[in-house]
Amino acid sequence: MNPYRVYGKGRIDHRAPVSFTFDGKTYEGRRGDTVASALLANGVHLMGRSFKYHRPRGPVSAGSEEPNALIGTKRGTGRYEPNTRATVQEIYPGLKTNSQNTYPSLKFDLGAVNDAAYMLFSAGFYYKTFMWPKSFWDKVYEPFIREAAGLGRSPTERDPDHYASRYHHTDVLVVGTGPAGIAAALSAARTGLRVTLVDENAEAGGTLLSEPQAVIDGAPAWDWLEAQLAELKALGVRVMTRTTAIGYYHQNMVALCEKLTDHLDAPDPDMPRERMWRVRAGQVILAQGALEKPLVFDGNDRPGVMLAGAAQTYLHRYGVLVGKRAVVATSHDSAWYASFDLHDEGCEIAAIVDTRADLRADLVEAAAARGIEMHLNHSVSGTDGRLRVKSIRINRMRDGKAAFGRRIFCDCVLMSGGWTPSLHLFSHTMGKLAWNDDLTAFLPDVKTEACQIAGAGRGLWGIEAALNDGFAMGAAAAEALGKSGATPTLGVTHDRTGTGVTQIELPTDRSPSSARAFVDYQNDVTAKDLRLAVREGMRSIEHVKRYTTNGMATDQGKMSNINGLNIAADALGKPQPQVGLTTFRPPYTPTTFGAFAGYHKGGHFEVTRKTPIDGWAEKNGAVYEPVSLWRRAWYFPQNGEDMDQAVARECRATRESLGIFDASTLGKIEVVGPDAVEFMNRMYTNPWTKLAPGRARYGLLLGDDGFIRDDGVIGRMSQDRFHVTTTTGGAARVLNMMEDYLQTEWGDLQVWLTSTTEQWATIALNGPNARKLLEPLTEGLDLSDEAFPHMSVAECTIAGLPARLFRISFTGELGFEVNVPARHGRALWETLMDAGAQYDICPYGTETMHVLRAEKGYIIVGQDTDGTVTPYDAGIGWAVGKAKPDFVGKRGLARPDLVAPGRKQLVGLLTEDHSKLEEGAQIVRDPKEAVPMTMVGHVTSSYDSVAMGRPIALALLAGGHDLMGEIVHIPMPDRIIAAKVTGTVFYDPDNTRLKL
Amino acid sequence: MLLIHCPYCDETLPELEFAYAGQAHVVRAADPSSQTDEEWRDFLFIRDNVKGVHAERWQHVHGCGRFFNALRHTVSDKFLTTYKAGEPRPVLDDTERSA
Ligand SMILES: [Zn+2]
């Protein structure tokens, strides 16, 4: 069934067949396979097309570092994921997968024309090739590039899965379950510490899973592994598989992404797909091992060319031979062992090609004993084969130059350019790296966090070295946490230590300029591109990276960065540390948006604040608008009204009789204390000393720069108590600003500030019948204009409820605002609605509130002001208490730029043709001026006004206060609108209606 | 995510509970009206851009609500110490300075 399966080998369940599809064709794998191992077992190497050149590609690795074998996976509607690494995705019955970046099919792809035209796509191509003619960019180049280049397609449906997030605290977090990680976890856990051990793979074991020949402490590797996992369990160690440490943040916080359902046959729909863990650890042990480097030669990307270590993993972990006749190309001893393992399971090794002239005698003997042909001191100058490698071309080296080449037929090439420590998480901490010339690798050096690095991650090769380093680092972590334990030393036989040399692109006898020797497979960057970048002036590796895009793909250069650095350093003639390594950033592997979002989506995306009256509005058909975190009733449509009709009716009803409005979202701050009045004097522009208890005043708050920050009506409840209101969005900001000045500037004042926004429900009643409604419901207060004039406040009883009653108006009509404890808000509202029926009481929303206030020229901070508007600009200089020695913003108002002429000032605008202006539209003085025209301001508010029988607008206009009666122009896409500059008060300028 | 010590609560708590509040020890003049335009400009807008130890204000906004000061290294992001508003800037020894 599986022609490339080695029965009895691997960690998979040979008796459990699993069917899945790839590009519509059904394949059979085994339980425990990844998509890549299952396809390879079926002899399929071709799994995708490359990003830029659409070259055929197959898996080059067996792990999460895979740059090539990116597929789409599908499990029903909405559950489509592009760019999944086939080397990581486990198969389950019914899994649907597809290749990407192919048209019309994987085997015959039209975009491969890019490959022939590759001269156009060389380094920096998007900076150069398509720059001319300019008009071609939008219509020709960009659509073509967008269509032809790219990775998988985004799903279009909503993701039906949900995602979880958790915090976790642990003494020691160990990342990686190879020999170093397991040993570290053991020695830390044996001291009694809480230990968490994580690995991105489905199974713990790391390298041990690919090297079953090793004998550890007298036990075969897999038996030893099983025994240690049992001990870890007994010690209470939390072992988490399918869990990737994606980022290492400050003070030992590590983010883990745990995959929970992507491997399951039929996951419980209530189960989260992934869980993001935020782990805070006392000590972190990085035991992430090392990644194998590809060799860089022409055609090193052909399907069938893969890392030797990957072939070894496919054999031992999945029981798969990646081919029947392999050529091994290497500069490191490790590939020799891979050759022997594959040979011993029936794969013909046509040749071992090593760039080195001198090899360890035991390796040469072992190869000779197996009858394997060896070509030492050889280079590789090419491969052939359209959709799968068919042959390799090798060249004897003479004086560092490649001599004439010869072909060897094969169906796979196993390469190894040596190993490089996995430094990603260490780099996230901004830890310093040190260059090691012997290993041609960067190693961790100066640490910034409480962490240890164990095993191959710090350049120690071999199981015994990793294991014993793990024990030592686990003990070091424990010691740092005040525990001490033993540091065992175990012996390992059949260990495979080795050395190698690092290569830049391999010498060739052909023209190097036509070689397609890939460094970054995913972004299609070749050695030639890197040299071109250096030739064109890029000096730092960061520039080379950005110019060529080397290491900028979704694999973040796990395979390409170090080869790229070695080639760039060679081109620059500088040692590697002087060229530098690019910075790795989280996440370690691509991570779903779902995992980051966690619970924060849909209704849980953000808190929705609702007033006590919200339920009534909902029941009565309110349309809502969000205002900061609040949802507020926007308007109340009746009988199929649209918004304009509803707002016109609400405006008319309020001005003619009575409107009712839920103003509970207004920010409220109780300012209390012996120095409350002095605090108010210093904080707000207005003078407060002479404001008697029982009276209220419009308060204006500036920043020390002199610009308007907030406003609101403020009532003096008693000598030492103010009821401050703020804008809905400004409540928290204003309280913080007050606290800041109180705590850090005015320690001399005895004042206490309390947010009371949510303690009060606030109902505004506006209209000529407002008093008539309230009077019979009010106890303990005379509401007549003489006894309780405009801008009064009092405590009283309304409808049997304790209330703070303001006589204020944001509409220009006779108005009251009733504050009652929040829990009574809904009851009071309903009482007022019932009692108001005789006056045709009309509930209105925020839109009507906006129209009514604009008719009176009352500003909305943040709409008619933008953080650069002074009280004088806004026409409310009367609110500034100039006689006060100081207040926040007083000195700012005297700044030269704030008193200079020509500032933008708030004015009214009436269009000549009675059309409604667009808010945000720009204003010009001369409509005939050539583009770009001189913009002198913009429209801030614009509404259809029922009261005025025409549209009205407010605008900020340069020098506007001196332009009354003049015509300005508002250019729109289809025409230019003329408007007359007016004052800001359109309706009842004498305020007669306030005094009813 | 950083851990920050609130000198008022005397607890070390996650960064999520705190809000940055600008450079520390920027004194608002007792009589701002006597300030020259240049002095007031400097007070409002001119700030240090330190590569190294920076004195800055934080507010324990989702805790006790108090503003306090901190010395933080702008390269490592690490907090070297925190202290109450009004206290002088602590003197660090050289090892702490380079942390
Ligand atoms: Zn605190």
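Protein chains get the first letters and strands the later ones, always in sequence-line order, with residue 1 at the start of each.
Both the backbone and the side chain of L3(B) come within contact range of chain A, each with at least one heavy atom under 4.5 Å from a heavy atom of that chain. Residue contact with chain B, scored on non-hydrogen atoms closer than 4.5 Å, is absent for Y248(A). Interface remark: T12(B) contributes no atoms to any contact with chain A (heavy atom separation under 4.5 Å). Neither the backbone nor the side chain of R41(B) has a heavy atom closer than 4.5 Å to any heavy atom of chain A.
Of all heavy-atom pairs between P885(A) and S33(B), the closest is O-OG, 3.8 Å. Shown here for D705(A) and F45(B), the closest heavy-atom pair between the two residues is CB-CZ, 4.5 Å. Shortest non-hydrogen contact noted between E745(A) and V26(B) is OE2-O, 4.3 Å. Scanning both residues, R895(A) and D37(B), for their nearest heavy atoms gives CA-OD1, 4.5 Å. Across all non-hydrogen atoms, the minimal contact from W40(B) to D704(A) is NE1-O, 3.2 Å.
Environment of NZ in K601(A): crowded, with over 12 heavy atoms of neighbouring residues, nucleotides or ligands closer than 6.0 Å. Other residues, nucleotides and ligands contribute over 12 non-hydrogen atoms within 6.0 Å of the NE2 atom of H25(B). When the shell of 6.0 Å around NZ of K51(B) is examined, it contains 12 or fewer heavy atoms from other residues, nucleotides or ligands. The local environment of CG in N49(B) is sparse, with at most 12 non-hydrogen atoms from other residues, nucleotides or ligands closer than 6.0 Å.
Residues R28(B) and D886(A) are paired through a salt bridge, judged by an N-O separation under 4.0 Å between the basic side chain and the carboxylate.
The closest donor-acceptor contact from the side chain of R280(A) to the backbone of M1(B) lies under 3.5 Å. The backbone N or O of P32(B) lies less than 3.5 Å from no partner atom in the side chain of K890(A), so there is not a single donor-acceptor pair. No donor-acceptor distance shorter than 3.5 angstrom exists from the side chain of Q59(B) to the backbone of D740(A), with no hydrogens or angles considered.
A distance of 5.5 Å separates CG of N736(A) from CZ of F67(B), quoted to the nearest 0.5 Å. The NZ atom of K78(B) sits 8.0 Å away from the NE2 atom of H250(A) when rounded to the nearest 0.5 Å.
No side-chain heavy atom of T744(A) sits under 4.5 Å from any side-chain heavy atom of R66(B).
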